[in-house]
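In what follows, residues are counted from 1 in the order of the sequence shown.
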Amino acid sequence: MQRIRLRYTKRGRLRFTSHRDFQRAFERALRRAEVPMAYSAGFTPHPKVSYANAAPTGTGSEAEYLEIQLAERRDPDKLRELLDTSLPDGLDVIDAVEAHTSGLADRLEASVWEIRLDGVAPEEAGRAVQAFLAAEEVQVERRTKNGMRTFDARAAVTRLEAAGSVDDRPDGKACAILRLVVRHLTPAVRPDDVLSGLRATADLAPPVPAAVTRLAQGLLDEETGAVTDPLAPDRDAATAAPPTAAGLSAAKATSGVSPAAGEGTA
């Protein structure tokens with residue numbers, strides 16, 4: 001049994017795909033790429049795929065993660081290429097590592113988000129950010145399957161900055177860019193909750209819907225506030241892992257010494 005962890009994106013129009021839509025597309029890609037999946041037991045076996053903290057529908061993402069279990073070993077890089085080719089453009093598999101550690105979901109502690117506010121001047125956005133950060137708590141409401149729920153959107157935000165767009169805008173319209181780091185708490189605080197908080201604290205109301213993209217998610221460095229790569233521990237563990245018996249045999253064969261000849265000598 002081999003476990004492979006994948007990082008994939010939701011770009012362009014594919015940001016509007018729901019998590020269930022992606023699940024269906026990904027399972028089709030697994031069949032198309034002829035991936036030797038391990039399956040669950042029972043009357044209706046399912047391929048062993050674990051999804052972790054999917055982005056909300058309508059938001060783009062450069063950092064979505066999942067884990068698959070294989071019945072036969074495969075090279076992670078070649079597997080990534082096959083799956084990427086089998087998925088539609090916009091759903092792109094950009095990284096793959098073999099799992100050597102446990103708890104991928106536990107390492108997704110925080111997310112970095114970029115929020116594009118067309119029609120909002122950077123100065124206006126900056127004032128709203130200052131008001132939001134100065135508040136001890138910012139109560140917002142969100143409709144859930146159990147009705148309206150009120151919670152604090154401020155507590156989850158570890159960083160919030162405003163800047164102007166670096167894009168050339170021939171129409172001359174203003175555009176502010178927010179960079180946001182949010183802890184994954186319960187209930188989860190989403191970028192639209194932070195936008196609701198900015199409206200509540202500073203009356204910031206963009207004239208058009210915001211364009212939201214997740215840039216990263218992973219472990220939160222408490223000292224620097226950076227969000228680190230959640231797949232790095234698996235890469236480090238692979239580098240530090242002792243060579244396998246097959247690897248030793250291959251190395252001896254390459255050197256011209258058979259495993260038997262090297263054993264029992266003084």
Side-chain angles (χ1 to χ4, degrees), residues 1-11 14-15 17-42 44-56 59-112 184 213-220 227-251:
M1 190 77 70
Q2 182 186 29
R3 293 180 297 134
I4 302 292
R5 289 169 175 169
L6 304 171
R7 177 182 176 182
Y8 66 95
T9 71
K10 289 173 59 181
R11 295 169 173 162
L14 272 297
R15 69 185 186 275
T17 57
S18 68
H19 182 54
R20 182 164 294 186
D21 291 335
F22 173 77
Q23 287 179 309
R24 286 194 289 262
F26 185 69
E27 291 191 10
R28 285 196 298 269
L30 290 172
R31 293 192 294 269
R32 192 174 298 122
E34 299 181 344
V35 178
M37 292 296 297
Y39 281 79
S40 62
T44 56
H46 296 285
K48 290 189 175 182
V49 183
S50 299
Y51 300 92
N53 197 39
T59 63
S61 180
E62 294 294 313
E64 300 296 288
Y65 293 92
L66 59 82
E67 178 179 299
I68 60 177
Q69 292 190 34
L70 307 184
E72 301 174 10
R73 296 189 63 82
R74 289 292 186 270
D75 178 80
D77 289 334
K78 292 181 180 178
L79 181 64
R80 184 204 67 77
E81 293 177 3
L82 285 171
L83 287 173
D84 186 49
T85 303
S86 301
L87 284 165
D89 291 341
L91 298 178
D92 305 317
V93 183
I94 60 175
D95 201 358
V97 300
E98 183 172 0
H100 292 279
T101 62
S102 60
L104 173 62
D106 293 337
R107 295 203 291 269
L108 303 182
E109 295 179 343
S111 288
V112 181
H184 298 164
T213 303
R214 173 148 58 191
L215 302 180
Q217 62 172 324
L219 289 166
L220 178 64
V227 175
T228 62
D229 180 8
L231 301 183
D234 293 299
R235 294 192 185 91
D236 294 342
T239 302
T244 63
L248 287 173
S249 298

Distance-minimising heavy-atom pair for L231 and R7:
CD1-CB, 4.5 Å

ring-ring contact (aromatic ring centres under 6.0 Å, His included) against Y8, all qualifying residues, sequence neighbours excluded:
F22

Backbone N or O of R74 within a donor-acceptor pair of the Q2 side chain at under 3.5 Å?
yes

Less than 4.0 angstrom from a charged side-chain N to a carboxylate O is my criterion; do D229 and R235 meet it?
yes

Is there side-chain contact between F26 and D21, with at least one heavy-atom pair below 4.5 Å?
no

When you measure from the side chain of R107 to the backbone N and O of P230, does any donor-acceptor pair fall under 3.5 Å?
yes

Return the OG1 to OH distance between T44 and Y39, rounded to the nearest 0.5 Å.
12.5 Å

Pair R11 + E62, salt bridge at N-O below 4.0 Å:
yes

Close side-chain approach of R15 and T59, heavy atoms under 4.5 Å:
no

Going by distance alone, is a donor N or O of one side chain under 3.5 Å from an acceptor N or O of the other, for S50 and R5?
no

Check whether any side-chain heavy atom of L83 lies under 4.5 Å from a side-chain heavy atom of L30, and answer yes or no.
yes

Measuring from Q217:CD to S61:OG, what's the distance to the nearest 0.5 Å?
6.5 Å

With a 4.5 Å limit on heavy-atom distance, are the side chains of R31 and M37 in contact?
no

Charged N to carboxylate O under 4.0 angstrom, R214 versus E64?
yes

If we ignore hydrogens and angles and just use 3.5 Å, is the side chain of K10 paired with the main-chain N or O of T17 as donor and acceptor?
yes

If only atom types and distance count, is the side chain of E109 paired as donor or acceptor with the main-chain N or O of L220 below 3.5 Å?
yes

Can you list every pair that meets side-chain hydrogen bond (donor to acceptor under 3.5 Å, both in side chains) and has a residue in residues 76-89, with sequence neighbours left out?
none

Can you name the closest pair of heavy atoms from D92 and G90 and give their distance?
OD1-N, 3.3 Å

Side-chain ion pair, R32 and E34, N-O less than 4.0 Å:
no

Taking the side chain from H184 and the backbone from L108, do they hold a donor-acceptor pair closer than 3.5 Å?
yes

For the residue pair D236 and T101, establish whether any side-chain heavy-atom pair is separated by less than 4.5 Å.
no

Check for a donor-acceptor pair, side chain of T213 on one end and backbone N or O of G60 on the other, with a separation under 3.5 Å.
no

Derivation and outcome, side chain to side chain contact (heavy atoms under 4.5 Å, CB included), residues V35 and L70
CA-CA 8 Å; V35 178; L70 307 184; 3.4 Å; yes

Heavy-atom side-chain proximity of V93 to L87 below 4.5 angstrom
yes

Are T9 and L91 close enough that some pair of their side-chain heavy atoms sits under 4.5 Å apart?
no

Closer than 4.0 angstrom, basic N to acidic O: yes or no for R3 and D234?
no

Applying ring-ring contact (aromatic ring centres under 6.0 Å, His included), name anything that partners H19, two or more places apart in sequence or on another chain.
Y51

Is there a side-chain contact between I4 and L79 in this structure, where contact means two heavy atoms from C-beta onward sitting under 4.5 Å apart?
yes

